[in-house]
J.: 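Dropping the structure in here first, questions after.
Letters A, B, ... mirror the listed sequences (proteins, then strands); counts begin at 1. Computation of the quantities below employed the complete heavy-atom set of this structure, encompassing side-chain atoms and omitting hydrogens, waters and symmetry-equivalent molecules.
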Protein chains: 2
Amino acid sequence: MAGRPSIFDEEKVLEKARELFWTRGYEATSLDQLLEAMGLGKSSFYHAFGSKKELFEKIMDRFVNDAIHRLAADLPIHPHPIERIREFFRGIASSPSHLHRKGCFMGNTVVELINTEHSLSARAAKKLERLEELFRTYIAAAQRSGELQTKEDPAVLALYLLTVWNGLNITRRVHPNPEALRPLIELQLQFLK
Amino acid sequence: MAGRPSIFDEEKVLEKARELFWTRGYEATSLDQLLEAMGLGKSSFYHAFGSKKELFEKIMDRFVNDAIHRLAADLPIHPHPIERIREFFRGIASSPSHLHRKGCFMGNTVVELINTEHSLSARAAKKLERLEELFRTYIAAAQRSGELQTKEDPAVLALYLLTVWNGLNITRRVHPNPEALRPLIELQLQFLK
DNA sequence: TTTATTTTGTACCAATTAGTACAAAATGCG
DNA sequence: CGCATTTTGTACTAATTGGTACAAAATAAA
């Protein structure tokens, strides 16, 4: 227990790497771009993170998607969880355009890597399943509490919401304007009543 | 008007290339993989297609997404166009698993290249807009003919269907089984009445 | 059969890819 | 201090990336 102290703050350096991976994807993010953004030398990088792939895995596990994370944190303390879910989706419409272009980190990863780096794609898919589970849990609870009247199977409704999320994250790339997205989202949310 | 005859059938060779691009994506498909699959030498390749990027553009323009193409061909001759659209979506559930893994060529392209090869991503986005227009046209017609009772704005309904399509093409990667997809799709189609 | 035209095969290229080897530097502990 | 331990910087690799140069091959028309 001694050794030369490391210069970098792991938290900050991972954040920089995530930003790059999120916007450019896995393959299109080169090691040199990572090193530059993280402010690390090659030696420190490999010593600390092992490989590009391991770094990517670590980032997926740590941050998941910001949005998912925030939602998961908010739901248990919200008096009307379903309303919080509605806000989750409504927020998409008013996002700044650079967020439209980034879309969903996990969705992007599933799409990009499913036939080339399947283990990474599957790992991302599991995060999306966690989001789906989150939806299912709170939908079921809301049906019991009376916040939701619908008799639809919570599992199907949850999968529906996941698909809305996935769909919006492509559609918002095609139509990055709130005027198009807002009525679309309101329509989609009509199943949540 | 003379010259050495070319060995390859352009149609077949483009089909091979599309298959590769569709499953692996743009970046992850190397020139060597293309040459091998197409059965061409480098010289013939560059002479005939210019560059990897131009080839990709040509393929996008020519084939678009198979599914979109077939739908666009069927709709004008179908007695109940909306029912044809429903079948379009129901077909997803019963697709073989290799199609689940491929997803939508244009959706994949929008996602992969939006921050790295923006012109290609935008080109793909335009194809998706064509699909959206197709939906809008036939929804509006069905409202006039009485096949649809809903009073929802055809533009919003069309964007909704595009988003369902986009969403399913990610969700089907996470849940490639018909038992999960079928009730989901039926739920989503309830707006089409 | 020459000639213009087009396609093809081979060799080559500079740049970039992810990743390693290894010694020097910087610490805490005994 | 001196030593074990850890992190860092520099140099180096082997493989792969997309793309070019150029001459040989194969044709149709004159």
J.: Whole angstrom is fine here: how far is it from CG in A/Leu34 over to P in C/dT16?
T.: 16 Å
J.: Using atom CG of A/Leu55 as one end and atom C1' of C/dG19 as the other, report the distance to the nearest whole Å.
T.: 14 Å
J.: Just say parallel, tilted or perpendicular for the rings of B/Trp165 and B/Phe89, cut-offs at 30° and 60°.
T.: perpendicular
J.: For D/dT17, take OP1 and OP2 only and decide whether either is under 4.0 Å from a side-chain N or O of B/Ser30.
T.: yes
J.: One pair to check against ring pair (Phe, Tyr, Trp, His ring centres under 6.0 Å): A/Phe21 and A/Phe56. What are the steps and the verdict?
T.: CA-CA 8 Å; A/Phe21 277 135; A/Phe56 193 78; 4.7 Å; yes
J.: How many Å lie between CD on B/Glu36 and P on D/dG18, as a whole number?
T.: 14 Å
J.: Tell me: OH of A/Tyr46 to P of D/dA11, nearest whole Å?
T.: 18 Å
J.: For B/Ala125 versus A/Val174, what's the shortest heavy-atom pair and its separation?
T.: O-CG1, 3.9 Å
J.: Quick one: does NZ or CZ of A/Lys52 land under 6.0 Å from the six-membered ring centre of A/Tyr26, within 45 degrees of the ring axis?
T.: yes
J.: What is the nucleic acid contact for A/Phe8, judged by heavy atoms within less than 4.0 Å: base, sugar-phosphate only, or nothing?
T.: sugar-phosphate
J.: For a quick test of reading the model, state the closest non-hydrogen atom pair linking B/Glu179 to B/Pro183 and the distance between them.
T.: O-CD, 3.1 Å
J.: Kindly give the atom pairs (protein nitrogen or oxygen, nucleotide nitrogen or oxygen) under 3.5 Å for nucleotides 9-15 of chain C.
T.:
| from | atom 1 | to | atom 2 | distance (Å) |
| --- | --- | --- | --- | --- |
| C/dG9 | N7 | B/Ser43 | OG | 3.0 |
| C/dG9 | O6 | B/Ser43 | OG | 2.7 |

J.: Are a donor atom and an acceptor atom from the side chains of B/Thr171 and A/Asn166 found within less than 3.5 Å of each other?
T.: yes
J.: Of the options C/dG19, C/dA26, C/dG28, whose atoms approach the side-chain atoms of A/Pro5 most closely?
T.: C/dA26
J.: Taking CG from B/Leu31 and C1' from C/dT16, how many angstroms apart are they, rounded to a whole number?
T.: 15 Å
J.: Whole angstroms only, please: what is the CZ-C1' distance between B/Phe45 and D/dG19?
T.: 10 Å
J.: Please determine, for the side chain of B/Lys52, which listed nucleotide (C/dG19, C/dG28, D/dG18) has the closest atom?
T.: D/dG18
J.: Report the C-alpha distance between A/Arg18 and A/Glu15 in whole Å, list the side-chain angles of each, state the deciding distance to 0.1 Å, and finish with yes or no for salt bridge (Lys or Arg N to Asp or Glu O under 4.0 Å).
T.: CA-CA 5 Å; A/Arg18 180 188 62 156; A/Glu15 165 63 34; 2.8 Å; yes
J.: To the nearest angstrom, how far is B/Glu27 atom CD from D/dG18 atom C1'?
T.: 11 Å
J.: Rounded off to whole Å, could you give me the CZ-to-C1' distance for the B/Phe49 and C/dT6 pair?
T.: 15 Å
